[in-house]
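Okay, structure first, notes after.
Starting from 1, each residue takes its place in the sequence as its number.
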Amino acid sequence: MDRDIEREYMKKTAVAIVLEQLKLRGEGAILADRLARYDILIKDKDIRIKIKFSKQIQRSKSSNRNWEFTKLIHRSRLYPIDIFDFYILVGFGENGNIKKIWKISAEDKII
């Protein structure tokens, strides 16, 4: 259960930070509806954003610590392509602080 609480904390923190940063930059950003598959909507530009988050992970003793963002799996079998326009990836440090943020177009298919 502790892991679920941590994930919920990271999710809420990541979305709140991205929303705040978009508003500081003059964007008309709002939280998406709870049923939407994206997290944030920029109203006047109709841009949908999906927030992904991760803590640093070390796979072996010799490897560096990296963030790993999992591929998003949609609940629909039709797999609609235009669910969102951008991913914003939020990388957390060991003590829960945000260390890095990336913006990636959904068309890049990096994730």
Side-chain angles (χ1 to χ4, degrees):
M1 186 66 164
D2 213 17
R3 189 176 178 107
D4 290 337
I5 292 170
E6 182 182 41
R7 286 188 52 78
E8 189 63 29
Y9 165 78
M10 287 194 300
K11 174 72 174 180
K12 285 182 179 181
T13 301
V15 171
I17 290 292
V18 170
L19 186 63
E20 177 186 17
Q21 290 300 314
L22 288 168
K23 287 181 178 181
L24 286 173
R25 287 163 173 75
E27 299 291 352
I30 60 169
L31 285 175
D33 183 86
R34 289 182 353 143
L35 299 177
R37 292 183 177 168
Y38 52 92
D39 298 306
I40 294 175
L41 173 68
I42 299 178
K43 294 186 293 187
D44 53 341
K45 298 178 183 175
D46 195 33
I47 295 175
R48 294 156 297 184
I49 299 170
K50 180 68 181 171
I51 308 296
K52 303 288 281 178
F53 57 93
S54 175
K55 286 181 75 172
Q56 288 182 306
I57 298 169
Q58 186 173 5
R59 289 287 175 203
S60 68
K61 289 183 180 184
S62 63
S63 70
N64 293 332
R65 295 173 88 65
N66 296 308
W67 289 277
E68 291 183 11
F69 299 95
T70 58
K71 187 170 189 164
L72 182 71
I73 299 171
H74 301 295
R75 292 188 180 125
S76 170
R77 292 177 188 238
L78 299 175
Y79 199 80
I81 297 169
D82 61 349
I83 292 176
F84 41 83
D85 304 297
F86 290 95
Y87 291 103
I88 295 186
L89 313 179
V90 179
F92 284 86
E94 286 298 315
N95 20 343
N97 58 327
I98 294 175
K99 295 192 78 167
K100 195 160 182 167
I101 297 176
W102 300 264
K103 177 187 92 170
I104 299 175
S105 170
E107 294 177 6
D108 285 346
K109 298 182 182 176
I110 290 174
I111 296 183

Over all atoms of both residues, closest heavy-atom pair of R48 and F84: O-CB, 3.4 Å
Partners passing salt bridge (Lys or Arg N to Asp or Glu O under 4.0 Å) against K55 (at least two apart in sequence or in another chain): E6
Residues that, via side-chain heavy atoms closer than 4.5 angstrom, fall in one hydrophobic cluster with L24: none
Residues which pass salt bridge (Lys or Arg N to Asp or Glu O under 4.0 Å) with K23, listed by chain and number, not counting sequence neighbours: none
Shortest non-hydrogen contact between I83 and Y38, atoms and distance: O-CD2, 3.5 Å
4.5 Å side-chain heavy-atom contact, W102 and Y87: no
ILVMFWY cluster membership beyond L35 - transitive side-chain contacts under 4.5 angstrom: none
Side chain to side chain donor-acceptor pair (under 3.5 Å) partners of E68, counting only residues at least two apart: R59
With sequence neighbours excluded, residues passing side-chain contact (heavy atoms from CB on, under 4.5 Å) with N95: N97
All salt bridge (Lys or Arg N to Asp or Glu O under 4.0 Å) counterparts of E27, not counting sequence neighbours: K45
Pairs flagged by salt bridge (Lys or Arg N to Asp or Glu O under 4.0 Å) wherever residues 96-106 is involved - sequence neighbours left out: none
Side-chain hydrophobic cluster, 4.5 Å single linkage: members besides F86: Y9, M10, V15, I17, V18, L19, L22, L31, I40, I42, I47, I49, I51, F53, I88, V90, F92, I98, I101
Under 3.5 Å donor-acceptor, R7 side chain and R3 backbone: no
Side chain to side chain donor-acceptor pair (under 3.5 Å) partners for R34, two or more places apart: none
Residues that E94 engages under side chain to side chain donor-acceptor pair (under 3.5 Å), provided they are two or more places apart: R65
